[in-house]
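Here's the structure we're looking at; comments come further down.
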Amino acid sequence: MMRWALFLGSLAVALLIGVWALQVPAPRDTRAPVSSFSAARAMQDVEVIGVRPHPVGSADHTRVRDHLFGQMSRLGLTPALQAGALSPEAVARLTAWGGDPAAVANQAVNLVGVLPGQDRTAPAVLLMAHYDSAWDSPGAADDGAGVAAVLEAVRAIRARGPAERDLVVLLTDAEELNLDGARIFFSEHPLRDRIGAVVNLEARGGGGRALMFETGRGNGETIRLFTRAASRADGGASSNALSIFVYESMPNGTDFTIPKNRGIGGVNFAFIGRPSQYHSPTATPNNLDQGAVQHIGSQALETTDALLRAPALPAAGPNVVYGDYLGRVFITHSTGLGWTLLALTAALGAFAAWGARHATRLPVADVGRGMLSGVWLLAMGVVVTHGVRVLAGPLSARADSAGVYYTLLRRLPWMETATVLAVLAVALAALAGRAALGSRLLAGVVLVAGAASLLAGGLDPVIFVAGAVALILSLWSQAAPRTVWGGWLGLIALVFLLGCAAQAAAPEAALIFIWPGLLAALAAAACAVTGARLEHPRSLAPAAIATVLGGAWIVTLAHPVFLGVGMDLPGVLALMGLLVLLFARPLTPTHAKATLAAGAAACLILAVGVSLTARFAEPTPPPAAGGPT
């Protein structure tokens with residue numbers, strides 16, 4: 001009973017802390033100090049911008065531009081308009097939306113203003129957001145919130161007194177069409193060559209914590225400045241090197257893409273919660289999460305202010321590994337230090353293995369079986385989560401229209417719940433032991449999930465290979481560990497090897513394996529000292545502490561990762577499940593295999609039910625004439 005309490009209690013506390021860390025800060029009202037960011041003040045502009053859709057060429061587009069011109073004038077930015085030709089791609093998209101390119105003379109119109117600094121010759125800082133919206137969306141979040149946050153940040157910066165260098169404020173046009181406003185500025189405007197750093201604000205949804213998800217290349221100095229500035233932001237900051245690595249691997253782009261490709265450094269912010277509001281008629285000021293506005297605006301203010309007052313802007317140099325812990329503390333180190341951390345992990349793991357073998361006569365082969373158990377969890381998790389996910393609808397890469405894509409975004413919360421349940425089912429099955437569920441039953445689950453993936457999503461080589469591995473290990477009865485230490489050390493060894501591979505191939509992203517692996521190895525070494533037989537709850541205290549600390553961090557990673565790539569890659573949560581199990585494995589009740597197996601079956605049934613329910617809760621609308629394509 002005590003072991004159950006330790007197991008469930010540690011996981012529950014980790015989940016609660018992780019969920020707490022994912023909350024947005026309380027929005028500040030209009031009585032906030034003049035030198036701080038106030039979401040309530042920013043919302044006054046959002047309510048004007050986001051009252052109706054304002055795509056390029058519409059009457060409301062002109063209305064919004066005139067309002068912003070007046071606001072920039074009141075802030076002392078002496079704004080000017082910069083017009084430029086729309087690209088053929090932008091014209092094609094505007095036409096598909098039902099707009100008339102001829103009516104707007106095929107032009108995008110930026111608003112550009114300058115807040116002078118003390119040294120007018122120093123490289124300037126650019127604060128940027130786009131003011132156009134998608135065709136039938138009021139755009140209160142994308143990017144009305146970003147534009148309003150820029151204006152509120154400028155007001156606060158002015159209240160703090162003259163800065164070292166100029167602040168250039170750029171409100172771009174036609175971002176939704178083809179990033180044309182940013183292209184026009186950086187190819188034609190006289191100020192383009194004075195820009196030394198960029199702060200961009202975006203949104204893909206209507207709320208949630210704002211993530212700093214992209215930097216310029218060679219980001220070491222930028223990250224050091226950002227992490228110092230972020231400590232002053234309301235609610236702290238959310239960012240890590242993994243998100244930057246993942247985003248660079250994706251085909252997505254924002255206005256920040258243009259200066260980044262010119263070699264200009266800086267940071268890119270966005271919030272991606274409440275995904276149903278992305279390019280949706282529901283993206284109204286009333287539906288916008290004001291806490292998200294406070295979070296993105298506060299981070300943008302503090303980062304921009306730090307850049308403006310820095311003796312010199314960050315220069316390009318070596319990238320660094322970094323990440324926040326619960327949005328409050330940043331850990332930063334060089335990429336090369338990863339090898340040292342891996343060596344320390346190996347040493348701690350070896351000490352734990354020596355202590356376990358000395359106390360329990362742990363067979364070396366059982367550590368190998370523990371590694372295979374981790375491989376099975378990953379492979380099974382990828383196949384099952386993918387099979388459950390496709391029940392909610394097609395992969396977005398295969399969606400035949402933008403309407404289907406936006407429907408999938410509305411279904412995303414259902415998909416995340418179903419995927420978490422599927423991962424939990426696989427994790428409980430791994431803890432119960434494959435013998436408790438039966439090799440034939442597990443093989444059947446693999447085949448059914450694989451068939452669902454094949455029929456709904458087509459042949460995917462990754463799913464095929466993962467399915468083959470899961471099927472073989474499910475049928476191979478000798479692949480399951482027989483001792484607690486074998487299962488735990490095997491998982492640590494597997495994550496260690498994954499960390500080595502990641503460190504060699506992509507050291508900035510290796511933190512996803514290196515940091516949890518080091519924490520788990522430290523907990524294992526401590527358990528080897530406090531009681532290597534793992535019988536008394538006191539001897540399991542290091543593992544419980546690691547589960548709380550490490551599990552909470554994994555929760556804060558898992559949610560934004562799923563929001564970012566979960567529609568097409570639900571298996572990423574299988575990796576997160578493995579990392580949580582990396583800490584909690586020794587806490588598992590040793591005589592509860594039947595209970596764990598029953599829990600696995602119940603979670604899988606619920607996952608299937610939730611995923612199927614998404615189709616009825618968020619039905620796909622019929623194609624709309626003149627709508628997005």
Side-chain angles (χ1 to χ4, degrees), residues 1-20 352 356 359-360 362 366 370 373-374 376-377 380-381 420-437 480-492 494-495 516-517 519-528 530-556 558 573-604 606-607:
M1 194 66 182
M2 184 64 73
R3 207 175 186 107
W4 267 114
L6 199 60
F7 176 66
L8 296 176
S10 299
L11 291 174
V13 172
L15 178 62
L16 289 173
I17 293 175
V19 170
W20 166 80
T360 67
L362 170 70
D366 208 41
S373 179
W376 178 84
L377 190 154
M380 190 76 168
V420 169
L421 286 168
V423 171
L424 184 58
V426 174
L428 291 174
L431 294 175
R434 297 191 279 289
L437 286 159
R482 299 167 187 173
T483 66
V484 174
W485 269 115
W488 193 15
L489 290 174
L491 291 180
I492 294 173
L494 175 62
V495 171
L519 178 60
L522 179 61
C527 284
T530 58
R533 292 187 177 276
L534 303 180
E535 294 173 343
H536 195 279
R538 184 173 55 197
S539 67
L540 293 169
I545 294 171
T547 299
V548 170
L549 297 179
W553 185 65
I554 298 302
V555 169
T556 63
L573 287 194
L575 173 60
M576 302 300 175
L578 173 71
L579 295 176
V580 172
L581 206 61
L582 179 69
F583 310 119
R585 179 66 177 84
L587 304 177
T588 310
T590 53
H591 301 293
K593 293 185 176 182
T595 302
L596 293 169
C603 287
L604 184 56
L606 284 172

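Please read these numbers as outputs of a predicted model, since none were measured by experiment.
In this structure, the side chains of Val420 and Leu573 come closer than 4.5 Å at one or more pairs of heavy atoms. At least one side-chain heavy atom of Pro481 sits less than 4.5 Å from a side-chain heavy atom of Arg585.
Note that OG of Ser10 is 9.0 Å distant from CG of Leu540, once rounded to the nearest 0.5 Å. Atoms CG and OG1, on Leu431 and Thr595 in that order, are 12.5 Å from each other to the nearest 0.5 Å. Interatomic distance, CZ of Arg3 versus CG of Leu6, reported as 8.0 Å (0.5 Å rounding). Between the CH2 atom in Trp4 and the OG1 atom in Thr588 there is a gap of 8.5 Å [rounded to 0.5 Å]. One distance of note links CG of Leu581 with CG of Leu579; it measures 9.5 Å at 0.5 Å rounding.
Listed here is the closest heavy atom pair of Ala432 and Leu596: CB-CB, 3.7 Å. Here the closest heavy-atom approach between residue Leu604 and residue Ala425 is recorded as N-CB, 3.7 Å. Nearest heavy-atom pair across Leu421 and Ala607 is CB-CB, 3.7 Å. Annotation for Val484 and Pro586: closest pair CG1-CA, 3.6 Å, computed over non-hydrogen atoms. Closest approach of Val555 and Val19 over heavy atoms only: CG1-N, 4.1 Å. Across Leu489 and Ala352, no two heavy atoms sit closer than the pair CD2-CB, 4.1 Å.
By the side-chain contact (heavy atoms from CB on, under 4.5 Å) test, Ala546 pairs with Leu519, Ala523, Phe583, sequence neighbours left out. Take Trp376 and apply the side-chain hydrogen bond (donor to acceptor under 3.5 Å, both in side chains) test, not counting sequence neighbours, and it matches Ser474. By the side-chain contact (heavy atoms from CB on, under 4.5 Å) test, Ala526 is found to be paired with Pro542, residues two or more places apart in sequence or in another chain being considered. Annotation: side-chain hydrogen bond (donor to acceptor under 3.5 Å, both in side chains) contacts of Ser539 (sequence neighbours excluded): none. Taking Ala584 as the reference, Phe7, Leu11, Thr547 meet the side-chain contact (heavy atoms from CB on, under 4.5 Å) condition, with sequence neighbours excluded. Not counting sequence neighbours, the partners of Ile545 by the side-chain contact (heavy atoms from CB on, under 4.5 Å) test are Leu549.
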Yes or no on side-chain contact (heavy atoms from CB on, under 4.5 Å) for Leu578 and Leu491, after CA distance, side-chain angles and deciding distance?
-> CA-CA 8 Å; Leu578 173 71; Leu491 291 180; 3.7 Å; yes
Does the side-chain contact (heavy atoms from CB on, under 4.5 Å) test come out yes or no for Leu534 and Thr360, once each step is laid out?
-> CA-CA 10 Å; Leu534 303 180; Thr360 67; over 6 Å; no
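Between the side chain of Arg538 and the main chain of Thr530, no donor-acceptor pair closer than 3.5 Å is present. Remark: the backbone N or O of Ala532 is paired with a side-chain donor or acceptor of Trp485 at under 3.5 angstrom.
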